[in-house]
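Here is the structure we will look at, set down as C-alpha cells.
Each chain gets a letter, A, B and so on, in the order its sequence line appears, and its residues count up from 1. These numbers come from a predicted model, not from an experiment.
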Amino acid sequence: MDYNFGEIERRWQQYWADHKTYRVTEEKAKPKFYVLDMFPYPSGAGLHVGHPLGYIASDIFSRFKRLQGFNVLHPMGYDAYGLPAEQYAIQTGQHPAVTTEQNITRYREQLDKIGFSYDWDREVRTCDPAYYKWTQWAFIRMFQSYYCNQAQQARPIAELVEVFSQQGSEGLDLACNEPMRFTATEWNAMSEREQQVILMNYRIAYLGDTMVNWCPQLGTVLANDEVSEGLSIRGGYPVEQKKMRQWCLRVSAYAPRLLEGLEQVAWSDSLKETQRNWIGRSEGAVMHFSTTEGVSFDIFTTRADTIFGVTFMVLAPESELVEQLTTPEQRDAVKQYIRKTGTKTERERIADRSVTGVFSGAYAAHPFTGEPLPIWISDYVLAGYGTGAIMAVPAHDSRDYAFARHFSLPIVPLIEGCDISEESFDAKEGVMINSDFLNGLTVKEAIPAAIDAVERRGLGYRKINYRLRDAIFSRQRYWGEPFPIYYKEGMPYTLPEEQLPLELPEVDKFLPTETGEPPLGRAKNWHTEEGYPLELNTMPGFAGSSAYYLRYMDPHNDEALVSAQANSYWRNVDLYIGGTEHATGHLVYSRFWNKFLFDIGVACEEEPFRKLVNQGMIQGRSNFVYRIKGSNRFVSLNLKDEHEVTPIHVDVNMVHNDILDLEAFRNWNPEYKTAEFILEDGKYICGWAVEKMSKSMFNVVNPDDIVGRYGADTLRLYEMFLGPLEQSKPWDTNGIDGVHRFLRKVWNLFYQEETLAITDEEPSREALKALHKLIKKVTSDIEQFSFNTSVSAFMICANELTAMKCRNRSVLSDLVVCLAPFAPHIAEELWHALGNESSVCDAAWPAWNEEYLKEDAFPYAISFNGKSRFVIEFAADASREEIEQAVLAHPGSQKWLEGKTPKKVIIVPNKIVNVVI
RNA sequence: GCUCGGAUGGUGGAAUGGUAGACACGCAAGACUUAAAAUCUUGUGACCAUAACGGUUGUGCGGGUUCAAGUCCCGCUCCGAGUACCA
C-alpha cells in the first residue's frame with residue numbers, strides 16, 4: 001500500500017472537524033497551557049509559505065503539551081480591521097467588510113490544509129460587533145479612569161471627582177498632560193464644563209492637542225510605531241508633524257511598570273532590549289530657569305554635573321515658550337524660522353542635519369552664577385521629549401557643540417585634560433574643572449552632587465524621564481472600531497455601556513467629506529437618540545489586537561470581556577509565537593492594555609505573555625535564467641560566462657532543484673514560446689539569489705502547492721527542518737524530497753507490499769535503544785524549540801529501525817505518538833492502523849528509559865597533547881586504572897610516546913583520554 | 001552613531017570546553033530497469049599519499065586561557081536586524 005498523503009490528510013482533517021477533536025473547555029482537574037499565535041491580518045494576497053512557520057511551531061508545541069496531559073488552549077482568529085482593505089475599497093468601491101470576509105475565507109482554506117489543532121469554536125474577528133463591543137467597553141473604562149502615580153494604578157475618575165471636591169489637587173501625584181493646582185473651593189465653584197476640561201487632563205483615554213504624525217496620502221494620523229524613517233509603514237508615504245486634537249491613551253503613565261514587567265517574562269534578550277529602548281528610561285533632573293523678563297521654565301538633563309558649562313539655552317520651535325519669550329526685535333526672524341522648519345516633513349528633517357536656529361532675544365539667568373544665558377530656538381530640540389527646552393553644554397554634547405560652533409557661542413570645558421578643539425567630549429568620565437563646588441570630583445560623583453545642590457537650593461528636582469509617548473488613538477478612517485463617544489456642548493461623553501456595541505455605520509464613499517471630516521461624517525443618522533453627534537474618528541489597528549488573547553478564553557460571553565472564572569483558569573499566555581515586527585507596537589500596547597485591565601480587576605495576571613518566541617522571517621529565493629543579449633536563447637548557469645547575458649527572474653514554481661522545467665517556461669509567457677536553450681548535461685540549471693518574497697520577483701511559494709505535491713505533513717516537517725525557528729532564512733524547496741522520503745520510510749515500516757506487516761515479538765535491545773534515544777531527544781528538543789534537530793532525530797531513528805527491519809508494534813506505537821505533533825495526519829493514520837480507536841491526539845507522550853540508553857562499551861578518543869589520534873572501545877564501567885594501562889600498552893601509543901613517560905593522563909569518562917607528554 | 005544578533009563543506013545546517021561537519025540536499029559510482037523516473041547500496045571538507053595503511057590541514061582575521069577551544073577571554077574585519085538630533 002502506498003503512502004497516499006492526499007487521501008489520508010483529507011480523511012483525517014474531516015475526522016478532526018467532525019469529532020471536534022480540538023475543542024477545549026475549562027477542565028479544573030487538568031493543568032492548563034495556553035499557546036497563542038499572533039493572529040494574522042487577512043490580506044488579499046493569501047498566505048505564502050513563510051506565514052505558517054510560526055503557526056506550525058506553535059501547533060507542534062500545543063500537540064506535544066496535550067500529549068503530555070495538559071489542557072491546551074490553542075485558538076486562532078483574524079485582525080480584520082486595517083488600512084489595506086480600506087485603500088482597496090477606495091480604489092474599487094467594494095465594501096471592506098466584503099473583501100475582508102473573502103480574504104478570511106481564503107485564509108481559512110489555506111490554514112485548514114495544513115492540519116492545525118485550533119479550536120475554531122473560539123475564533124475571533126476584530127471587526128465583529130460582538131468582539132469590538134469589548135474594545136469599545138475597555139475604551140469607556142479608560143475614559144472613566146485616571147492614573148495614580150503613588151499607587152501606580154488606574155482608579156475610577158469618580159473617585160478623583162470626590163477628592164477634588166474635598167481637598168482640591170493638594171497632595172496628589174497623578175499622571176496628567178500638564179500639572180494643575182486648585183483648591184476644593186475653586187473646584188466646587190467651577191461649571192460642569194470647566195470641571196470636564198480639568199478631568200480630561202487626567203483621564204487614561206483623553207482628548208488632547210498633540211503633535212501627531214500626519215500622513216496626507218493616507219489622510220490619517222499614525223502612531224510612532226506605524227512610522228519608520230519619516231515614512232508610513234503601510235504604503236511608505238511621507239509623514240509630517242502637525243498639531244491636532246486627537247484621542248490618546250496614557251501609555252506613558254505605565255512606563256515604569258512596562259519596564260519592570262520585562263523582568264518577569266521569558267522573552268529573548270534582544271526583544272526585551274528593544275522594548276527597553278522604546279520605553280527609554282533616563283535618570284536626571286528637572287531644573288528651573290528664569291528669564292530676565294521674569295518668565296520661568298523647566299529643562300530636563302541627565303548631566304546636571306555640567307551645569308557650569310552651560311553657555312546658552314535652546315527651545316524647540318513648537319514650544320509654547322517661544323511665543324512668551326521672543327522679544328519684539330526678534331519676532332520677525334523667529335516667525336520666519338518657525339515657518340521654515342514647520343513646513344518640513346519628518347523625513348526632510350531627518351535627512352537635513354544642517355545646523356539651523358534663531359536667537360529669541362531673551363536671556364535666562366544661570367541658576368548658580370546668575371550669568372545671562374542667551375535663549376535660542378532650534379529644531380534639534382524636540383518638543384515631544386522632556387520639556388521641549390534644554391540647557392546647552394557645548395563642551396560635552398556633540399549637538400550643542402555643533403550649534404555653538406555654527407553661531408560662535410562660547411564653549412567652556414569642564415573636564416580635566418579633555419580636548420574640545422575638534423569635537424565635544426561626551427563621555428561620562430574624568431575629573432571636573434571650572435565647576436565651583438564640583439571641582440575635583442569625578443563625573444560619576446559630580447552628577448548626584450550637582451542634583452543634591454540643585455534640590456537643596458530649590459532650583460529643581462530629581463526626575464526619571466521616559467521616552468515612551470502616549471498613544472494617539474484616533475484615525476481619520478472608515479474601517480475601524482467607532483468610538484462609543486458623543487459630544488454635548490463640545491465636550492465628549494461616553495455612551496452607556498448597555499448601548500454597546502456601537503456598530504460601524506454605512507457610508508456612500510470611503511473618503512473624507514467635502515469639508516475634510518473623516519469618512520464617518522458621511523454616515524446618516526450618526527448621532528445619539530437625543531440628537532448629540534457621535535465621534536467621527538475610528539480606532540487604530542492596535543485597538544482590537546490589544547486584548548484578543550483574553551477574549552479567546554471566553555469568546556461568546558455577552559456579559560463580560562472575559563468571565564472571572566474563565567480568566568482565573570486560563571490566566572495568561574504560556575507561549576506566544578510571532579514576528580519581531582510587533583516589538584514596539586502590539587507588544588507594548590497589549591501589555592499596557594492588559595495592565596489597565598489588571599488594575600480594574602478584569603485580568604488576573606499583570607503580564608499577558610509569559611514566554612515569547614520570535615520566529616524568523618522567511619525570505620524568498622529567486623531563480624534566474626540567462627538570456628543571451630539580443631536573442632531568444634537562454635544559457636544554463638555554468639555556461640553563461642561564455643556569452644553576454646541578461647539575468648531574468650523566472651517563476652520558482654517552474655524550477656525544481658534549480659533545474660528549469662523547459663516546457664513550463666515556454667508556456668509561461670508567449671514571448672518564450674520559441675525560446676531555445678543551451679543546456680549542460682541535458683539540463684537547464686538556473687541561478688539563484690535571496691530576495692524578499694514578492695510577486696515581482698516570481699519567488700512566492702504558496703503552501704497549497706506544496707501540500708498538493710508533497711502533503712501537509714511534509715510541509716510541516718520541512719518548514720521546521722529548514723533551520724532554527726528564530727533565524728531568518730530563505731525558503732528553498734530544494735531538500736524537501738529528503739523529508740518526504742523520511743515519511744515514506746516510516747510508512748514502509750508499517751506496510752510491506754500491500755499489507756500491514758507489524759509484529760508482536762519482543763523488540764530487540766537495539767530497537768529499544770533507537771526508540772528511547774528518539775524519545776529523549778525529541779522531548780528535550782521540543783521544550784527548547786529546537787524543532788530542526790528533532791526532525792533529524794526522527795530520520796536517524798527511522799533509518800535505524802529500517803536497517804534492523806524492526807516492525808515491532810510497541811516500538812512503532814511510541815514512534816507514532818512522538819511523530820504526532822509534527823506530522824499529525826500520517827500519525828493518526830498509522831495510529832489507527834495499529835488498532836487504536838481514539839485519536840492519536842489523546843495518546844500519552846512516551847517516557848524514555850535510561851536503562852535502554854546505557855552503552856556496553858564506549859569509544860574513547862585517545863589524544864596525545866590534545867591531538868586526537870585513534871579510538872579504543874572500553875566497557876562503560878571500566879576503571880581509570882584499567883583505561884590508563886590499556887591506553888599506554890596499546891601499540892598505537894608507542895608512536896606518539898616516543899619512549900617518554902607521560903606527565904599526566906586525563907580521562908573524561910565515556911569520552912576521551914588525553915595523554916600529556 | 002548606539003543596541004542586539006551572526007560568520008562552520010558545493011547548499012541548508014549539527015556539535016553540555018572533549019573524535020568538528022550529525023541529519024538532509026546536491027554530486028559521483030553501483031544495483032534494479034529495454035529505458036527513464038522512483039527506490040536501494042556505497043562514497044563525498046580540502047590537500048598530500050598509497051596496492052593497502054596513512055598523514056597534514058581545517059569552524060571570518062589576530063592574540064590569549066586550557067592537557068584540550070567552533071564553543072571561554074581580549075582586539076579587529078565583514079554581514080544582518082532594530083533604533084536614532086531622547087538632552
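- Taking only side-chain atoms of A:Asp379, from C-beta outward, the nucleotide of B:A87, B:A24, B:C85 with the closest atom is B:C85.
- One C1' atom belongs to B:A36, the other to B:G45, and the distance between them is 33 Å to the nearest Å.
- Side chain to side chain, A:Tyr337 and A:Thr356 meet the donor-acceptor criterion of an N or O pair below 3.5 Å.
- The distance between atom NE2 of A:His740 and atom P of B:U39, rounded to the nearest whole Å, is 9 Å.
- Dense packing is recorded around CD of A:Glu581, with more than 12 heavy atoms of other residues, nucleotides or ligands lying under 6.0 Å away.
- Note on A:Asn734: every side-chain N or O is 4.0 Å or more away from OP1 and OP2 of B:A24.
- Taking side-chain N and O atoms only, A:Arg621 has no distance below 4.0 Å to OP1 or OP2 of B:U11.
- Between the P atoms of B:G60 and B:U42, the separation comes to 32 Å (whole Å).
- Distance A:Lys428 NZ to B:A87 C1': 10 Å, rounded to the nearest Å.
- Looking at the side chain of A:Lys745, the nearest of the listed nucleotides B:A87, B:G13, B:C40 is B:C40.
- With B:A24, B:A87, B:U16 as the candidates, the nucleotide lying closest to the side chain of A:Lys911 is B:U16.
- Here the separation of B:G18 from B:A87, taken at their P atoms, is 43 Å to the nearest Å.
- Distance noted for atom C1' between B:A38 and B:C48: 40 Å (whole Å).
- Partner assigned to B:A15 is none, using Watson-Crick or G-U wobble distances below 3.5 angstrom.
- Residue contacts for A:Ser863: at a heavy-atom cut-off of 4.0 Å it reaches no nucleic acid atom on any strand shown.
- The same atom, C1', is picked in B:A49 and in B:C53; the two are 10 Å apart, to the nearest Å.
- In this entry the distance linking CG of A:Leu382 with C1' of B:A87 reads 9 Å, nearest Å.
- One finds a side-chain N or O of A:Asn788 lying less than 4.0 angstrom from the OP1 or OP2 phosphate oxygen of B:A14.
- Nearest to the side-chain atoms of A:Asn277 among the listed nucleotides B:G13, B:C25, B:U3 stands B:U3.
- Comparing B:G55, B:U19, B:A24 against the side chain of A:Met795 picks out B:A24 as the nearest.
- Atoms CE and NE2, from A:Met391 and A:His366 in turn, are 7.5 Å apart once rounded to the nearest 0.5 Å.
- Using modelled atom types, one side-chain atom of A:Asp426 and one backbone atom of A:Ser398 make a donor-acceptor pair closer than 3.5 Å.
- Remark: B:A20 base-pairs with no nucleotide in the shown strands. Criterion, Watson-Crick or G-U wobble with two distances under 3.5 Å.
- When the side-chain nitrogen and oxygen atoms of A:Arg399 are compared with OP1 and OP2 of B:C86, one or more of them lie within a distance under 4.0 Å.
- Checked against B:C86, B:C85, B:A14, the side chain of A:Tyr380 finds its nearest nucleotide in B:C85.
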*Hey, mind stepping through A:Phe5 and A:Tyr3 against ring pair (Phe, Tyr, Trp, His ring centres under 6.0 Å) and telling me if it holds?*
CA-CA 6 Å; A:Phe5 52 84; A:Tyr3 169 41; 5.8 Å; yes
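- A:Pro859 comes within 4.0 angstrom of a nucleotide base, judged by non-hydrogen atoms across all strands.
- Taking syn as a glycosidic angle within 90° of 0, B:G9 qualifies as syn.
- Listed candidates were B:G12, B:U19, B:G18. Nearest to the side chain of A:Val908 is B:G18.
- For the pair A:Arg744 and B:U39, the criterion of a side-chain N or O lying under 4.0 Å from OP1 or OP2 is not met.
- Of the candidate nucleotides B:G13, B:C25, B:A87, B:G13 has the atom lying nearest to any side-chain atom of A:Gln727.
- Considering only side-chain N and O atoms, A:Arg869 lies under 4.0 angstrom from the phosphate OP1 or OP2 of B:U56.
- Comparing B:A15, B:C67, B:G82 by their nearest atom to the side chain of A:Thr789 picks out B:A15.
- Comparing B:C23 with B:A14, their P atoms are spaced 14 Å from each other, to the whole Å.
- Base contact: A:Asn914 has a heavy atom under 4.0 Å from a base atom.
- Judged by Watson-Crick or G-U wobble contacts below 3.5 Å, the nucleotide B:A28 has B:U42 as its partner.
- Residues A:Asp400 and A:Tyr380 have side chains that bring a donor and an acceptor to within less than 3.5 angstrom of each other.
- Residue-level contact check: A:Asn799 touches the backbone only, with heavy atoms under 4.0 Å from sugar-phosphate atoms and none from bases.
- For B:A49, there is no paired base (Watson-Crick or G-U wobble, both distances below 3.5 Å).
- Between the side chains of A:Thr306 and A:His396, not a single donor N or O lies within less than 3.5 Å of an accepting N or O.
- There is no side-chain donor-acceptor pair under 3.5 Å between A:Tyr589 and A:Thr584.
- Contact annotation for A:Ile906: base contact, defined as any heavy-atom pair under 4.0 Å involving a base atom.
- Counting distance only, with no hydrogens placed and no angle test, the side-chain atoms of A:Lys867 and the base atoms of B:U56 include no donor-acceptor pair under 3.5 Å.
- Look at the C1' atom in both B:A84 and B:U16: the space between them is 40 Å, to the nearest Å.
- The A:Ile796 side chain lies nearest to B:A22 when the options are B:A22, B:G55, B:G13.
- Summarising the base pairing, B:G60 is matched to B:C76 through a Watson-Crick or G-U wobble pair whose two defining distances lie under 3.5 Å.
- With a cut-off of 3.5 Å on both Watson-Crick or G-U wobble distances, the partner of B:U83 is given as B:G1.
- Side-chain N or O atoms of A:Tyr684 include none that pairs as donor or acceptor with a backbone N or O of A:Leu662 at under 3.5 Å.
- Taking atom P on both nucleotides, B:U39 is separated from B:A24 by 13 Å, rounded to a whole Å.
- Counting non-hydrogen atoms under 4.0 angstrom, A:Ser792 reaches a base of the nucleic acid.
- As judged by a 4.0 angstrom heavy-atom cut-off over every strand, A:Trp267 is placed among residues making no nucleic acid contact.
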